[in-house]
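Protein chains get the first letters and strands the later ones, always in sequence-line order, with residue 1 at the start of each.
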Protein chains: 2
Amino acid sequence: MSTTTTRTTYSIKDAAMLTGLPASTLRYYESIGVIGPIRRGETSSHRVYSEEDLDLLTWVACLSATGMSVDDMRSYVANGALGPSAAANQVALLVEQERRLALEAEQIALRARYVRIKIAYWQAVEAGDTARADELSDQARALADDLKKVRKN
Amino acid sequence: MSTTTTRTTYSIKDAAMLTGLPASTLRYYESIGVIGPIRRGETSSHRVYSEEDLDLLTWVACLSATGMSVDDMRSYVANGALGPSAAANQVALLVEQERRLALEAEQIALRARYVRIKIAYWQAVEAGDTARADELSDQARALADDLKKVRKN
DNA sequence: TAGAAAACTTCAAGCACTTGAAGTCAACGC
DNA sequence: GCGTTGACTTCAAGTGCTTGAAGTTTTCTA
């Protein structure tokens, strides 16, 4: 009869997806002590992330995204400033993170549109349709201006 | 009677402001050949950017913003200078860029959802609503499970 | 027009990842 | 069981800026 504890563990790939940090960066952060050593599998050397690990990494991702240096992140985490006792503070951090993600999504949508225009442009050039190419060139220029504005935040 | 070509020129600081790239990055791009050598002042060694330089740099800034490597930027700019003959090459590069952007958008949407759950979670903890906190914890876990299924594609 | 202050220059070093090589581990079909 | 496939591991080297130092050049103010 096995103990049926609800499985709440994650592979490094899961952790990477949920935090937005590449797996290589998770290993890097661990290697330089931003986060403590992660538990390994019973039979393997593979990292096994717990729910708490994920919570902590979510915070670290927030700090990283706001441009904090790894040295500062390390002391921030070491000082326990990210524990449950600072809930209000943490919500503020997460709301900020949410705002930044929305902005990032906006930027990506703009860039995708820009790229699509450029694809159409080169296809027009290839087809020898100069008028359409010029028109698309103007569209690209206008969009580049939009992109610059969004970027300022 | 002087030739009245309106010769608009820009300092490196002007160029940085107009392209959104730091001055240090403009010098770096020039040093590794992403852009050609910029004209210098008559009496000084200061860079003097022309309108054409600015156009090219705006384009380079867009490539940079979409995460293109400097090597790819270099060949892309070189191909662009070659005009219509390289059109097919340009389209291939851009289609790849479009695919990357779509993937990035997907990841960001997922992260945003995770962050929103975490915000609600900490607000529940702060309010002492343990039941709701547990429920949200489950939701975060469910999101991770959904992710595993999506990952198969 | 002198002399300070701001902006530019090069070069080198630093930072925060990122990638590559070479090997280990796990899950599947046979 | 047994090979193949793909994800994981470590470690070292590479990448793309970024910053700092030390020295011009330009511009502002007096």
Pairwise N/O distances under 3.5 Å, protein to nucleotides 25-28 of chain D:
unit_1	atom_1	unit_2	atom_2	d
D:dT26	OP1	B:T43	OG1	3.1
D:dT26	OP1	B:S44	OG	2.9

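- Checked by atom type, the side-chain pair B:Y10/B:E51 shows a donor-acceptor distance below 3.5 Å.
- Residue A:R40 places at least one side-chain N or O closer than 4.0 Å to OP1 or OP2 of D:dT10.
- The backbone N or O of B:Q123 sits nowhere less than 3.5 Å from a side-chain atom of B:R132 that would complete a donor-acceptor pair.
- Using modelled atom types, no side-chain atom of B:D138 and backbone atom of B:E135 make a donor-acceptor pair closer than 3.5 Å.
- The aromatic ring centroids of A:Y76 and A:W59 lie 6.0 Å or more from each other.
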Show, in sequence, the C-alpha distance, side-chain angles and deciding distance for B:K118 and A:D55, and conclude whether the salt bridge (Lys or Arg N to Asp or Glu O under 4.0 Å) test is met.
CA-CA 9 Å; B:K118 282 295 170 189; A:D55 281 347; 2.5 Å; yes
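- The separation between B:E30 atom CD and C:dC8 atom P is 14 Å, rounded to whole Å.
- D:dC8 atom P lies 10 Å from atom OH of A:Y49, rounded to whole Å.
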Walk along nucleotides 12-20 of chain D from 5' to 3' and tag each nucleotide B, S or - by protein heavy-atom contact under 4.0 Å, base first, then sugar-phosphate.
----BBSB-
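- In this structure, A:I38 places its CD1 atom 12 Å from P of D:dT10, rounding to the nearest Å.
- A salt bridge is absent between B:R27 and B:E30; no separation between the charged side-chain nitrogens and carboxylate oxygens falls under 4.0 Å.
- Checking side-chain atoms of A:T58 against main-chain N and O of A:L54 turns up a donor-acceptor pair under 3.5 Å.
- A sub-4.0 Å separation between OP1 or OP2 of C:dT9 and a side-chain N or O of B:R47 is present.
- Distance alone, capped at 3.5 Å, is enough to place a donor-acceptor pair between the A:S75 side chain and the A:D71 backbone.
- Side-chain atoms of B:D134 and B:S137 form no donor-acceptor pair, as typed in the model, at a separation below 3.5 Å.
- Summarising the geometry, the separation between CG on A:D72 and C1' on C:dA16 is reported as 14 Å, rounded to the nearest angstrom.
- If you measure from atom CG of B:D14 to atom P of C:dA7, you get 12 Å, rounded to the nearest angstrom.
- To the nearest angstrom, C1' of C:dA16 lies 12 Å from CG of A:L21.
- As a whole-Å value, the separation of B:L26 CG from C:dT9 C1' is 14 Å.
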